[in-house]
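All chains are named by letter (A, B, ...) in the order of the sequence lines, taking the proteins before the strands, and each is independently numbered beginning at 1.
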2 protein chains.
Amino acid sequence: MSGRRREAALTLADVAREAGVSEITVSRVIRAKGPIAADTRRRVESAIRKMGYVPNRVAGALASATSDLVGVIIPSLTNIVFPDVLRGVNEVISKHGYRAVVGVTDYREDVESELVGALLAWRPAALIVTGCEHSDETRAMLRGAGITIVEIMDLGGAPIDIQVGMRHEAAGAETAAYLIKRGYRRIGYIGHDLTRDLRARKRYGAFTQTLCEAGAPLAGEIVTPRPSSVEAGRDALAALLALKATRCDAVYFSNDDMAIGGVFHCMARGIRTPSDLAIVGYNGLGMGQCLPQPLTTVGTKRFEIGVAAGQAVVDRLSGRSVAAEIDVGFELITGATA
Amino acid sequence: MSGRRREAALTLADVAREAGVSEITVSRVIRAKGPIAADTRRRVESAIRKMGYVPNRVAGALASATSDLVGVIIPSLTNIVFPDVLRGVNEVISKHGYRAVVGVTDYREDVESELVGALLAWRPAALIVTGCEHSDETRAMLRGAGITIVEIMDLGGAPIDIQVGMRHEAAGAETAAYLIKRGYRRIGYIGHDLTRDLRARKRYGAFTQTLCEAGAPLAGEIVTPRPSSVEAGRDALAALLALKATRCDAVYFSNDDMAIGGVFHCMARGIRTPSDLAIVGYNGLGMGQCLPQPLTTVGTKRFEIGVAAGQAVVDRLSGRSVAAEIDVGFELITGATA
DNA sequence: TTGAAAGCGCTAACAT
DNA sequence: ATGTTAGCGCTTTCAA
């Protein structure tokens, strides 16, 4: 990191000289703050335009101890879930003049910790982080930052400030209960890396426990180390079905991407859903609902989480009070595949 | 925008006092710059840890006139293409200590212009923008910024500094030539909003022109005002096929999302591909290759564009020279649908 | 309605 | 190996 030293960019002083006023007057015009004579404003504005002056927010932020940056830390950009969330955040905050600074952790706690430090160093107005599990170090930094912190996606743990999300355990349990109710008894699971995706793990845990309690423990499972994708789901279902002993009548996938891969595998092999094999996903992606048979899945509110998180930030920064926990919920979508 | 004034965060001076050294020594330890006695380093580091000091990069950036921020302006987060690109950028720059500040234009020129100003105000080390078409105002700001500017996705126009992308006209023309070669003569087009997505428009233009030159002008088209999606593609194909006069034997979709929607429509209606209707997409998404019949499409290098752009930034900032134009190319993927 | 002075927290440059 | 001085470009505060 270095950033070549730039050749003397224009400063307020340059504009002030050109407009025949003082620096502070130019500053006031730019920030639309304080009383300015109409004529003065015009002179300053034309000088700015003419010279192509771009204010320096680094200096401004230092002097005023305020910032229009909002840090956003997400685990992945591969999983469409997070671009969706980011879109929601951005939609709200950009309307209020804030910008997102994005960090991607790749689901790694050490990277998260490093990113939190790096983003806090820019003294953002607020920080949005994913999940409610953090290392002690991360937690200490977040607590000590003295700014609005929003934890998104998941509810629970020891909230740092504001949480916006849903209960993944409830989603897993409800999915299991649904399959049991529909009469499935040999139920398998296909997932992606659970050691890292803690929310998928929570769903998995509640899912399997609910099955056990119903007297139909998990019949088999494949967990790939790959990130979730349609391809990974397809390959994993092929692998699961190849395990002779398993003989599932239904499979719960860690998310819709994976489940759609499963559906494609069934299509290619002439396996009928749900009569030969039932399939359930998680997320409620539009694409799953476009399949010849709409996917049975759990609809989640990804965009809404982003919006709610962004709104929480904006509200706080405007001095309005914000609920400490915002549960956006989820919804079982009973499609045709289970 | 405001950002509540924070209550006196720790400064270098606090740490210096605690460690019994001067501010500059602490600064040197933090930045790992200049010679520091092992013992001094230990004392300073332990003071930092003990107090939970987080350096202020706003002040640091102002003092040193350097930054670890890289602005990235993309049109959309809905279209998976851009998260892919962003992922590539991030992969490279984060390894070198840079962070991405993201702006989303929603394909609007006025928003782009505003974002360029807002990001340049943070005096980033470099700025990555999408496309090679910009308003005069934007172009002037980019030219005057005096930093590395990378235009991504598309090649052509009047390059500002560095371009990383491919030739969309060539992709459109090659797709048309392929369909003609395969014997299709009643070819339709299904697209999303072309007034905004200039690259899709370029492909469309070259595609239709090539068809004309081959004596098989476009047989029909549907352009939805919606953003591209599987649903939009499915609905648009239904609409196109409902136009009695059209009777297409092949359809070119503006991208794979749309094309996959078309495939789903065919599946649901028992329309066989490619015998009843051939389908071609654009992008080469993994999912399209997972369909029971792999999608015929044009493979693009989204992630690679991000990586190359990130690398160009890093190279420039390290004083290495960088090619002014990097053509990552594309590749016709002859699947089973056309 | 405008301006002068002081200083935000850090780092470059120059001592020592 | 460490410290001193000056100043980055802006905004706050106070004055006129």
Side-chain angles (χ1 to χ4, degrees), chain A residues 1-44 47-48 51 53-69 120-124 146, chain B residues 1-45 47-48 51 53-68 120-124 146:
Chain A
M1 142 181 114
S2 80
R4 88 176 157 191
R5 182 134 210 159
R6 83 199 65 255
E7 57 289 349
L10 291 172
T11 70
L12 271 188
D14 299 313
V15 178
R17 203 173 310 117
E18 173 77 22
V21 296
S22 70
E23 297 183 32
I24 186 62
T25 301
V26 178
S27 172
R28 284 180 180 130
V29 168
I30 289 170
R31 290 175 300 139
K33 217 173 185 182
I36 296 285
D39 177 58
T40 308
R41 153 169 294 113
R42 260 191 303 278
R43 276 214 323 287
V44 170
I48 289 174
M51 310 175 80
Y53 170 69
V54 177
N56 184 335
R57 284 219 39 86
V58 178
L62 179 62
S64 67
T66 64
S67 173
D68 59 1
L69 298 180
L120 287 178
W122 281 99
R123 298 295 187 264
Chain B
M1 142 180 113
S2 79
R4 87 175 157 194
R5 181 132 212 162
R6 83 198 65 254
E7 56 288 351
L10 291 171
T11 70
L12 270 189
D14 298 315
V15 178
R17 204 173 309 117
E18 173 77 20
V21 296
S22 70
E23 297 183 33
I24 187 67
T25 301
V26 179
S27 172
R28 284 180 180 131
V29 169
I30 289 171
R31 289 175 300 141
K33 217 172 186 183
I36 296 284
D39 176 59
T40 308
R41 152 169 294 114
R42 260 191 304 278
R43 277 215 319 287
V44 170
E45 280 171 346
I48 288 174
M51 308 173 82
Y53 170 70
V54 178
N56 184 336
R57 284 221 36 87
V58 178
L62 180 61
S64 67
T66 64
S67 174
D68 59 359
L120 287 179
W122 281 99
R123 299 295 186 264

Inset, instruction - Using atom CZ of Arg42(B) as one end and atom P of dA1(D) as the other, report the distance to the nearest whole Å. - result: 14 Å

Distance-only check: which donor-acceptor pairs under 3.5 Å involve side-chain atoms of residues 15-23 of chain B, not counting sequence neighbours?
residue: Arg17(B); atom: NH1; partner: Asp14(B); partner atom: OD1; Å: 3.4
residue: Glu18(B); atom: OE2; partner: Lys50(B); partner atom: NZ; Å: 2.4
residue: Ser22(B); atom: OG; partner: Thr25(B); partner atom: OG1; Å: 3.2

Inset, instruction - Give the rounded distance in Å between these two atoms: CG of Leu62(B) and P of dT11(D). - result: 11 Å

Legend entry - dT2(D) phosphate, OP1 or OP2, under 4.0 Å from Thr40(B) side-chain N/O: yes

Inset, instruction - Nearest 0.5 Å please: distance from the CD1 atom of Ile36(B) over to the CZ atom of Arg43(B). - result: 10.5 Å

Legend entry - Selected nucleotide, minimal atom distance to Asn56(A) side chain, candidates dT11(C), dC10(C), dC10(D): dC10(D)

Inset, instruction - Among dA12(C), dC10(D), dG9(C), find the nucleotide with the atom closest to the side chain of Ser64(B). - result: dA12(C)

Inset, instruction - Provide, to the nearest angstrom, the distance between the CG atom belonging to Leu12(A) and the C1' atom belonging to dG3(C). - result: 14 Å

Inset, instruction - Among the candidates dG9(D), dT2(D), dG7(D), find the nucleotide nearest to the side-chain atoms of Ala37(B). - result: dT2(D)

Inset, instruction - Between dT2(C), dA1(D), dG9(D), spot the one nearest the side chain of Pro35(A), thanks. - result: dT2(C)

Inset, instruction - Please work out which residues in residues 22-32 of chain A have a non-hydrogen atom less than 4.0 Å from an atom of DNA chain C and list them by number. - result: Ser22(A), Ile24(A), Thr25(A), Arg28(A)

Inset, instruction - With Arg28(A) as reference, evaluate Val26(A), Ile30(A), Ile24(A) under the side chain to side chain contact (heavy atoms under 4.5 Å, CB included) test and give the passing residue. - result: Ile24(A)

Inset, instruction - To the nearest Å, give me how far apart CZ (Arg123(A)) and C1' (dG9(C)) are. - result: 9 Å

Inset, instruction - Describe the nucleic acid contact of Val58(A) in one word from base, sugar-phosphate, nothing, applying a heavy-atom distance below 4.0 Å. - result: nothing

Inset, instruction - Let me know the distance between NZ of Lys33(A) and P of dT2(C), rounded to the nearest Å. - result: 17 Å

Inset, instruction - Rounded to the nearest angstrom, tell me the gap between atom CG in Leu10(A) and atom C1' in dC10(D). - result: 15 Å

